[in-house]
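Only one structure is covered here, and it is reproduced in the block below.
Only a predicted model underlies this, so the values are computations on that prediction, with no experimental measurement involved.
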Amino acid sequence: MKTKHLYINTIGCQMNVYDSEQIAKGLTVLGYKLTSLPEKADLIIVNTCTIRKKAEQKAFSFLGRMTGLKRKKPDLIIGMGGCVAQQEGQKILQRVPHLDLVFGTNAIGRLPGMIKTITAKKCRIVDIKMSGQIEELDFIEDKHHTGKVSSFVTIMQGCDNYCTYCVVPYVRGRETSRNPDKIINEICGLVESGVREVTLLGQNVNSYGNKEGLCTFPELLARVNEIDGLLRIRFTTSHPKDLSTDLMLAFKDLNKMCNHIHLPIQSGSNRVLKRMNRKYSRKLYLEKIDKLRDICSNMAITSDIIVGFPGETRTDFQETLDLIKKVEFDGLFAFKYSDRPNAAAARFEDKISEKEKKERLQQVLTLQAHFTTQKNKELVGSTQSILVEGLSKKQTRIDKPIINDDVQWTGRTSTNKIVNFSRRDNALSCEQILTGRMVKVRIVKAHSHSLWGEPVSIVPMFLGLRGEKSYVA
Ligand code: SAH
Ligand code: SF4
Ligand code: F3S
């Protein structure tokens, strides 16, 4: 089979990152190999997000930039997948004349068939059918070591919560959980290919399995925890209303669970939370945070905030700032409210001006920057176990001779903080790759978004894995 090249541009959340990986794996059956250069590609796919207007615009401006390539290379196939594709469907073909294919969030399994048809018939296709069922993709996992240490695994699709600002239930469909055996099999395959950390994905992982009567989320975590060779487990996102004591206890009881939870609050005002249909109060959120910290004292907590929700008064906004001060989050993602098609809040009155939203966003970011830096500074002097993800951005080539001091590695703490470090001694040969290993690092410096450390020792490898010798410095 002739090798063809596939270029994927992924916009949006971790779920899209996972989907893009599935797309690439699925298309290997047709001989497609990933390229990082769109000019080299025979097939270009943009996997899109529509959570805010800006993300949607990004997809169309990317397609605009591809016009020239299509003119030069008429056989080039260009497709749009993901949440914008699901939302707009057929309309996109009219808007983008050089687009060959529009496929929705449930159509990934049908993609190879569509590409075959387009290649043979030179036609245009739109497939945004929602089956409402999980379609397990049927390809053989490549067990070759890819150098990838951390991987996403989607455990459930869709969402039933209908927060009034949110487009996700309309573009990802109803909440549906994957069979636990399939999830475990997939993770075992990933571990064989060198993955050491998984992040389980769902819009509200805490309701995993409820509808289908599968196991509960904490039970699933316990099963994942048993997988040999896997070192760390993360998950996202947990909805505050469904964060159960059982899940909190899993952080304490399961040795592979990382000490980090992403628990989006969205607003500190009860009035706004109600209008957002979040189904929890500020008080309940704060109580859950307290309980979580009681159970697991060094838990890192991050969150999402929306500023300028329709009708958000200055008093409401002050309550958000006050909550940020009370909780002292390790990190925050803050967004300006954006009207979305179908989402109820798009029809709400009292929209906040762009200027006001901008100012509120800036206030949140400035306040949080203080806490993020403070939390990072608290770690200086401590020793942290880092799962090494690879060479840091400054040093991405390992193929040229390396002088020890040059080598900069990067990884994360259990609390999800980025740590960079270099080896300054001869304890390890330069060629010895630390990627995928746990290294104990003493933190010596805190920056606003990362930490700098000195390696203390390498945590011995678990026995039997790839026959490597363990080493302790
Ligand atoms: N399921 C997750 C969130 C998915 S969307 C949860 O419930 O937490 C990720 C974040 O985007 C949300 O937490 C919210 O803060 C933000 N977001 C969603 N819709 C938005 C909108 N219309 N405008 C601005 N931000 C939005
Ligand atoms: Fe959107 Fe709310 Fe569902 Fe999260 S829980 S995806 S914010 S509707
Ligand atoms: Fe965006 Fe779709 Fe994810 S709208 S945030 S890519 S679920």
Side-chain angles (χ1 to χ4, degrees), residues 150 197-200 205-206 216-222 224-225 230-265 268 280-305 322-333 367-387 411-419 438-453 456-457 459:
S150 186
E197 173 184 271
V198 285
T199 304
L200 308 181
V205 287
N206 218 10
T216 66
F217 184 54
E219 284 164 359
L220 178 70
L221 287 173
V224 177
N225 198 65
L230 183 72
L231 300 179
R232 281 182 167 179
I233 307 168
R234 302 183 185 277
F235 62 80
T236 197
T237 305
S238 195
H239 194 302
K241 77 178 162 69
D242 295 316
L243 173 59
S244 64
T245 309
D246 277 355
L247 182 54
M248 293 184 196
L249 288 170
F251 284 105
K252 187 165 72 93
D253 297 340
L254 304 177
N255 64 329
K256 294 179 185 172
M257 286 282 287
C258 288
N259 288 349
H260 170 226
I261 190 165
H262 184 63
L263 199 62
I265 174 77
Y280 54 83
S281 63
R282 167 193 176 94
K283 182 164 170 278
L284 187 89
Y285 185 88
L286 290 171
E287 280 167 7
K288 292 205 177 185
I289 297 280
D290 281 348
K291 191 163 179 185
L292 203 49
R293 284 180 167 153
D294 269 353
I295 291 174
C296 198
S297 58
N298 62 343
M299 193 75 181
I301 300 170
T302 56
S303 199
D304 292 346
I305 300 270
D322 178 73
L323 183 129
I324 296 171
K325 287 182 202 154
K326 279 210 164 68
V327 177
E328 301 189 3
F329 292 109
D330 289 73
L332 259 190
F333 297 97
L367 175 62
Q368 181 55 38
H370 161 77
F371 290 114
T372 308
T373 310
Q374 180 184 305
K375 295 261 168 183
N376 282 351
K377 280 189 179 154
E378 280 167 16
L379 291 181
V380 173
S382 71
T383 299
Q384 303 284 325
S385 293
I386 308 301
L387 176 60
R412 280 166 203 265
T413 63
S414 166
T415 52
N416 208 30
K417 298 191 197 301
I418 296 170
V419 179
M438 283 278 210
V439 176
K440 285 206 188 287
V441 174
R442 205 171 66 84
I443 306 300
V444 292
K445 212 167 169 192
H447 303 290
S448 46
H449 295 292
S450 67
L451 298 156
W452 179 256
V456 176
S457 62
V459 179

With a 4.5 Å cut-off on side-chain heavy atoms, are [Y] and [X] touching?
| X | Y | value |
| --- | --- | --- |
| Leu387 | Leu231 | yes |
| Ile418 | His449 | no |
| Ile265 | Arg282 | no |
| Ile324 | Ile305 | yes |
| Leu254 | Ile233 | no |

Nearest heavy-atom neighbours spanning [X] and [Y]:
| X | Y | result |
| --- | --- | --- |
| Ala250 | Leu221 | CB-CD1, 4.2 Å |
| Thr236 | Val205 | O-CG1, 3.8 Å |
| Arg232 | Ser385 | NH2-O, 2.9 Å |
| Pro264 | Pro240 | O-CG, 3.2 Å |
| Asn298 | Thr415 | O-CG2, 3.6 Å |
| Arg442 | Gly381 | CG-O, 4.1 Å |

Mind checking the [atom1]-[atom2] spacing from [X] to [Y]? Nearest 0.5 Å is all I need.
| X | Y | atom1 | atom2 | value |
| --- | --- | --- | --- | --- |
| Asp290 | Ile295 | CG | CD1 | 11.0 Å |
| Leu323 | Ser303 | CG | OG | 8.0 Å |
| Arg293 | Lys288 | CZ | NZ | 15.5 Å |
| Ile261 | Met248 | CD1 | CE | 7.5 Å |

Given 3.5 Å as the limit, does a donor-acceptor pair link the side chain of [X] with the main chain of [Y], or not?
| X | Y | answer |
| --- | --- | --- |
| Arg234 | Ser414 | yes |
| Tyr285 | Leu263 | yes |
| Ser450 | His447 | no |

Test Asp246 against Phe217 for side chain to side chain contact (heavy atoms under 4.5 Å, CB included), laying out the working first. CA-CA 9 Å; Asp246 277 355; Phe217 184 54; over 6 Å; no
Under 3.5 Å, side-chain donor or acceptor atoms of residues 325-332 against the rest of the protein: list the pairs with distances, not counting sequence neighbours.
residue: Lys326; atom: NZ; partner: Asp322; partner atom: OD2; Å: 3.0
residue: Asp330; atom: OD1; partner: Ile301; partner atom: N; Å: 2.9
residue: Asp330; atom: OD2; partner: Lys417; partner atom: NZ; Å: 2.9

Is it true that Lys291 and Glu287 make a salt bridge, defined as a side-chain N closer than 4.0 Å to a carboxylate O? no
Take Gln384 and Val419, measure what side chain to side chain contact (heavy atoms under 4.5 Å, CB included) needs, and give me the verdict at the end. CA-CA 9 Å; Gln384 303 284 325; Val419 179; 5.6 Å; no
Please say whether more than 12 non-hydrogen atoms of neighbouring residues, nucleotides or ligands are located less than 6.0 Å from NZ in Lys241. yes
Mind running side chain to side chain contact (heavy atoms under 4.5 Å, CB included) on Phe235 and Leu247 for me, showing each step along the way? CA-CA 11 Å; Phe235 62 80; Leu247 182 54; 3.9 Å; yes
Mind running side chain to side chain contact (heavy atoms under 4.5 Å, CB included) on Thr302 and Asn416 for me, showing each step along the way? CA-CA 10 Å; Thr302 56; Asn416 208 30; over 6 Å; no
